[in-house]
Amino acid sequence: MERDLNTPDQLKMLEDNIGRIKKKLIVLSGKGGVGKSTVAVNMAYGFAISGYKVGILDVDLHGPSIVKMLGIEGIGIGNNEGEMPTPVKVHDNLHALSIASLLPGPDEPVIWRGPAKMGVIKQFMQEIEWPELDLLVIDCPPGTGDEPLSAVQILKKIDGAVIVSTPQDVAFLDARKTISFSQKLNIPILGIIENMSYLTCPHCNKKVDVFKGSGAEKAAKDFDLDVIAKIPLDTNIMETGDAGRPYIYDYSKKDGAKEFQKAIEAVAEKLDIHK
């Protein structure tokens, strides 16, 4: 029998949690495989390293990946002195919650339909005691389906969205839909991040456009948006993600880390975040 998540006590817990979060940032993409979770994780790390109190909520229920990227695989949710469970503490300034922390193993699939997915996202924000946060980063699955819509409805007010895509025009056909999705739900779009933007040749240092296209610039012009970062192809991004390490910290002098930092500064300014 399903529990009622709309009792006065349950709704009070939801309001209390939301009240402890100053700003909410949703990270969206039209297609899978464009590095959306990589962007979400490195932005969360970047804010945390800068001294902000940050949470990252993974609502990609069918393909959760942030636990691996954060190095918290196999670590269950925390416990607040025997009372409400808490998100996983990655380090002092960063807390994370993913369905992967609740599953018996990494190969366990989530086979749910829409209402069940909305229910578990609501429980993430209602029955888990979140700490005081300057920023909550919400990592969504690709597209404009149940999970991002549920997150927006449950959190009530999203302060900003970042749209992630690769450069190809065909990739931006879907990314443009996430822009329209955000606009229809009155979510301010803080900018576009073009991932895998180019490759720097290790021999001559020339920038090579591996995935040719002008989708980011065209979308930015058509929707009057900013391209806030162009992140290059860098094998170190993949390696740090697989190792559960923050690329933005371990390779802070690399072009990719500098681009992540540009995006973080743009988001901080547009959200007017203060520590």
Side-chain angles (χ1 to χ4, degrees), residues 14 17-30 32 34-48 52-67 69-70 72 77 86-88 90 93-102 110 117-165 175 178-179 181-193 228 260 263-264 267-268 270-271 273:
L14 179 62
N17 267 333
I18 291 174
R20 285 192 284 270
I21 301 166
K22 292 179 184 176
K23 300 289 183 179
K24 307 177 203 80
L25 172 71
I26 194 165
V27 182
L28 299 166
S29 72
V34 300
K36 168 191 51 60
S37 294
T38 296
V39 167
V41 164
N42 276 279
M43 290 192 74
Y45 262 131
F47 273 106
Y52 295 93
K53 299 293 184 182
V54 184
I56 180 165
L57 174 64
D58 185 357
V59 298
D60 190 345
L61 301 179
H62 297 290
S65 58
I66 70 162
V67 293
M69 293 182 181
L70 292 169
I72 55 173
I77 56 176
T86 58
V88 178
V90 183
N93 287 346
L94 182 58
H95 296 78
L97 183 60
S98 170
I99 190 68
S101 298
L102 305 173
V110 173
K117 291 192 280 188
M118 183 168 186
V120 79
I121 293 170
K122 193 168 188 178
Q123 286 178 278
F124 281 168
M125 290 308 306
Q126 192 163 275
E127 299 185 350
I128 306 292
E129 187 170 358
W130 288 85
E132 298 276 345
L133 298 175
D134 297 307
L135 179 69
L136 177 67
V137 179
I138 304 121
D139 181 30
C140 290
T144 56
D146 290 322
E147 293 91 329
L149 183 58
S150 295
V152 172
Q153 290 174 337
I154 291 162
L155 289 164
K156 297 182 180 179
K157 178 180 181 290
I158 303 293
D159 298 283
V162 167
I163 312 297
V164 182
S165 183
T178 62
I179 294 172
F181 169 87
S182 301
Q183 292 175 333
K184 287 179 186 295
L185 294 175
N186 298 314
I187 303 170
I189 301 170
L190 308 182
I192 296 168
I193 292 181
I228 57 174
F260 275 126
I264 287 165
V267 167
K270 293 182 180 189
L271 289 181
I273 296 179

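Scope of the values below: all heavy atoms of this structure, side chains included, with no hydrogens, waters or symmetry mates.
At distances below 3.5 Å, at least one donor-acceptor pair connects side-chain atoms of Lys23 with backbone N or O atoms of Leu271. Side-chain N or O atoms of Asn17 include one that pairs as donor or acceptor with a backbone N or O of Ile128 at under 3.5 Å.
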Evaluate the side chain to side chain contact (heavy atoms under 4.5 Å, CB included) criterion for residues Ile56 and Met43: first the C-alpha distance (whole Å), next the side-chain angles of each, then the deciding distance (0.1 Å), finally the verdict. CA-CA 10 Å; Ile56 180 165; Met43 290 192 74; over 6 Å; no
For Asp146 and Met118, run side chain to side chain contact (heavy atoms under 4.5 Å, CB included): C-alpha distance rounded to whole Å, both residues' side-chain angles, the deciding distance at 0.1 Å, then the answer. CA-CA 7 Å; Asp146 290 322; Met118 183 168 186; over 6 Å; no
Between Met125 and Ile138, does a side chain to side chain contact (heavy atoms under 4.5 Å, CB included) hold up when you go through it step by step? CA-CA 11 Å; Met125 290 308 306; Ile138 304 121; over 6 Å; no
Report the C-alpha separation of Ile193 and Ile228 in whole Å, then their side-chain angles, then the decisive distance to 0.1 Å, and conclude whether the side chain to side chain contact (heavy atoms under 4.5 Å, CB included) test is met. CA-CA 6 Å; Ile193 292 181; Ile228 57 174; 3.8 Å; yes
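Residues meeting the salt bridge (Lys or Arg N to Asp or Glu O under 4.0 Å) test with Lys122, sequence neighbours left out: none. Taking Asp58 as the reference, Ser98 meet the side chain to side chain donor-acceptor pair (under 3.5 Å) condition, with sequence neighbours excluded. Residues passing the side chain to side chain donor-acceptor pair (under 3.5 Å) test with Asp159, sequence neighbours excluded: Lys157. Residues passing the side-chain contact (heavy atoms from CB on, under 4.5 Å) test with Val152, sequence neighbours excluded: Ile26, Ile158, Leu185, Ile187. Partners of Lys156 by salt bridge (Lys or Arg N to Asp or Glu O under 4.0 Å), not counting sequence neighbours, listed by chain and number: Glu15. With sequence neighbours left out, the side chain to side chain donor-acceptor pair (under 3.5 Å) criterion links Lys24 to no other residue. Scored by the side chain to side chain donor-acceptor pair (under 3.5 Å) test, Ser65 finds Ser37 as partners (sequence neighbours excluded). Evaluation of the ring pair (Phe, Tyr, Trp, His ring centres under 6.0 Å) rule for Phe124 yields no partner, not counting sequence neighbours.
To the nearest 0.5 Å, atoms CG (Leu136) and CG (Leu25) are separated by 8.5 Å. Taken to the nearest 0.5 Å, the CG atom of Asn42 stands 7.5 Å off from the CD1 atom of Ile264. How far CG of Leu155 is from CG of Leu14: 7.5 Å, rounded to the nearest 0.5 Å. Note: Gln183 CD to Thr178 OG1 = 10.0 Å, rounded to the nearest 0.5 Å. To the nearest 0.5 angstrom, Thr38 atom OG1 is 11.5 Å from Ile66 atom CD1. Atom-to-atom distance recorded for Leu135:CG and Asn93:CG is 12.0 Å, nearest 0.5 angstrom.
Screening Val88, Leu133, Ile72, Leu70 for a side-chain contact (heavy atoms from CB on, under 4.5 Å) with Leu94, the sole residue that qualifies is Leu70.
Proximity of Ser29 to Ser165: side-chain heavy atoms (C-beta onward) are nowhere separated by under 4.5 Å. Contact of the Val137 side chain with the Phe47 side chain is not registered, since no non-hydrogen atoms from C-beta on lie closer than 4.5 Å. Counting heavy atoms from C-beta outward, Ile18 and Trp130 have side chains that stay 4.5 Å or more apart. Between Ser182 and Leu28 the shortest side-chain heavy-atom distance falls below 4.5 Å. In this structure the side chain of Leu61 reaches within 4.5 angstrom of the side chain of Glu147, judged on heavy atoms. Taking 4.5 Å as the limit, some side-chain heavy atom of His95 sits within range of a side-chain heavy atom of Pro131. The shortest distance between side-chain heavy atoms of Ser101 and Val67 falls below 4.5 Å.
The nearest pair of heavy atoms linking Ala96 to Pro87 is O-CB, 3.4 Å. Summarising the geometry of Ile121 relative to Ser150, their closest heavy-atom pair is CD1-CB, 4.0 Å, with the distance given to 0.1 Å.
Contact check on Asp134 versus Lys53 returns no salt bridge, with no Lys/Arg side-chain nitrogen under 4.0 Å from an Asp/Glu carboxylate oxygen.
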